[in-house]
Protein chains: 2
Amino acid sequence: MLTIGKLGEAAGVKVPTIRYYEQIGMLPPPERSQGNQRLYTGKALDRLTFIRHARDLGFPLEAIRELLGLSDTPNQPCAAVDQIARRQLAAVKARIARLTALEAELERMLEQCGCGNIADCRVIEVLGNHELCAHDHAASEDKA
Amino acid sequence: MLTIGKLGEAAGVKVPTIRYYEQIGMLPPPERSQGNQRLYTGKALDRLTFIRHARDLGFPLEAIRELLGLSDTPNQPCAAVDQIARRQLAAVKARIARLTALEAELERMLEQCGCGNIADCRVIEVLGNHELCAHDHAASEDKA
DNA sequence: CTTGAACCTATAGCTACTAGAGCACTTAGG
DNA sequence: CCTAAGTGCTCTAGTAGCTATAGGTTCAAG
């Protein structure tokens, strides 16, 4: 039986995050000690490790919830699992594409700046006038 | 003089967002009509366009606030502007690097999945066990 | 004059946590 | 046995950058 601190250490998750996961139903409420402290089993550690890893791979909590549900039905075909992973991969690819465009635009801006006065700073100028942009980076979602 | 709707249309920013920007001090409170409706000048449009564009390039609002402050002092050297842009570029590069690692990991996971039962689904297995990963994608910040 | 679109304020919600206040419990040393 | 440090508890509020909703007012066209 693990205290919340040990569990967090073992899974690489901060203690408040574990309580948060419990609160939103990602982790089942564990047993409590006589003094009302949470006591976790190895199963809880597995589940939390799974969550942590999926989070590291960028899966949103909702997707992880689905994956956890699916992993409880081992005899089903894994097409649904695949689909979630593919969706995530597509999201990652889209973000990379967008960020690469931003990177190019930022580099162009910086190269062109002669670093004189702000009055003729290329960075400020470009920001004020989209026409000066090489690409159309104006898509929404995934700012930064 | 533009109403908030026209302003939003012209700058490509939604109306509630404009009001939000005013609330947090990114835009000065404009004049009001007799009926208490906001009336904007061309200057406000310039400022909002600047904000919009910088947001599209991923600058956080705090950085944009700095840039707007700097653009009001045109006779200063633009080193400070450059520094903000460079910081943003570095952040974008870091995100791209991280996302590229995630992309590789997700692709590896999906390739290896024979798409049979969930019981032997590679995706579920990898998520449960970090040891099966090729890279160390466990850095924090910028999930997804 | 009436209708409908566009405006107003205020509040709450979104993701995924993180930080803080103010307590209770647990454990190792004396 | 006692005490102090460390860990745990609950609850609330805050982060970024909006978005949505409710319930009301104003404006422009017909």
Side-chain angles (χ1 to χ4, degrees), chain A residues 1-27 29-40 44 48 50-68 88 91 95 138-144, chain B residues 1-27 29-40 44 48 51-66 68 87-88 91 95 98 138-144:
Chain A
M1 287 302 208
L2 300 158
T3 62
I4 197 169
K6 298 293 174 197
L7 178 72
E9 205 175 328
V13 175
K14 285 178 193 154
V15 167
T17 303
I18 298 173
R19 288 195 278 247
Y20 169 72
Y21 284 162
E22 180 182 331
Q23 191 191 315
I24 63 170
M26 293 289 295
L27 288 175
E31 286 181 61
R32 299 287 183 127
S33 72
Q34 284 193 323
N36 198 34
Q37 302 197 346
R38 289 170 179 83
L39 291 178
Y40 292 94
L48 183 56
F50 184 100
I51 296 172
R52 164 77 209 277
H53 197 187
R55 285 297 295 133
D56 282 343
L57 284 168
F59 287 87
L61 286 176
E62 268 322 296
I64 298 171
R65 222 188 273 271
E66 284 185 72
L67 289 170
L68 283 165
Q88 172 62 14
R95 289 196 168 109
S140 60
E141 195 209 1
D142 180 21
K143 314 288 188 171
Chain B
M1 286 302 208
L2 300 158
T3 63
I4 196 169
K6 298 293 173 195
L7 178 72
E9 206 175 324
V13 175
K14 287 179 192 150
V15 167
T17 304
I18 298 173
R19 288 196 277 249
Y20 168 71
Y21 285 162
E22 179 182 330
Q23 192 192 314
I24 63 170
M26 292 291 292
L27 288 176
E31 284 180 63
R32 299 288 184 126
S33 73
Q34 284 193 323
N36 198 34
Q37 303 196 347
R38 289 171 180 82
L39 291 178
Y40 292 94
L48 183 55
I51 295 171
R52 165 76 208 279
H53 196 187
R55 285 297 296 132
D56 282 343
L57 285 167
F59 288 86
L61 286 177
E62 269 321 298
I64 299 171
R65 221 187 274 270
E66 285 185 70
L68 283 165
R87 206 196 302 151
Q88 173 61 14
R95 289 195 170 111
R98 170 150 170 76
S140 60
E141 195 209 3
D142 180 24
K143 316 284 188 172

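Here the structure is a predicted model, which is why all the values come from computation and not from measurement. Every chain is numbered from 1 and lettered A, B, ... according to where its sequence line falls, protein lines coming before strand lines. Note: hydrogens, waters and symmetry copies are ignored here, and every other heavy atom, side chains too, is used.
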DNA chain D nearest-nucleotide lookup for N36(B) and G35(A): closer to the 5′ end is G35(A)
Here the distance between atom C1' of dC18(D) and atom OH of Y20(B), to the nearest Å, is 6 Å
Residue pair K6(B)/Q37(A) against DNA chain C: nearer the 5' end by closest nucleotide is K6(B)
Between L68(A) and M26(A), is any pair of side-chain heavy atoms under 4.5 Å apart? yes
Across the strands shown, which category fits I24(B) at heavy-atom distances under 4.0 angstrom: base, sugar-phosphate, nothing?
nothing
**Prompt:** Distance check: side-chain N/O of K14(A) vs OP1/OP2 of dT18(C), anything under 4.0 Å?
**Reply:** yes
Less than 4.5 Å apart, side chain to side chain, heavy atoms only: is that true for R19(B) and R38(B)?
yes
- Query: Is the phosphate of dC17(C), meaning OP1 or OP2, less than 4.0 Å from a side-chain N or O of Y21(A)?
  - Reply: yes
Rounded to whole Å, CZ of R38(A) lies from C1' of dC25(C) at a distance of 14 Å
To the nearest angstrom, the CE-P distance between M1(A) and dT26(C) comes to 15 Å
**Message:** Quick one: does any side-chain atom of E31(A) pair with a main-chain N or O of M1(A) as donor and acceptor, under 3.5 Å?
**Reply:** no
Here the distance between atom P of dG17(D) and atom CD1 of I18(B), to the nearest Å, is 17 Å
Base, sugar-phosphate, or nothing: which does R19(B) touch, judged by heavy atoms less than 4.0 Å apart? base
Separation of dT15(C) atom P from E62(A) atom CD, nearest Å, is 7 Å
**Asked** Is any side-chain N or O of S33(B) closer than 4.0 Å to OP1 or OP2 of dT26(D)?
**Response** no
From CG of L7(A) across to C1' of dG8(D) the rounded distance in Å is 14 Å
Sub-4.5 Å side-chain heavy-atom contact between P30(B) and E22(B) = yes
Rounded to whole Å, the CZ-P distance (R32(B) to dT9(C)) equals 4 Å
Q. Hey, does the side chain of R65(B) come within less than 4.0 Å of dG17(D)'s phosphate (OP1/OP2), counting only N and O?
A. no
Margin query: Check whether Q37(B) reaches the backbone of T3(B) with its side chain - one donor and one acceptor, N or O, closer than 3.5 Å.
Written below: no
Atom CZ of R55(A) and atom C1' of dT18(C) are separated, to the nearest Å, by 14 Å
Query - Phosphate OP1/OP2 of dG17(D): any T17(B) side-chain N/O under 4.0 Å - result: no
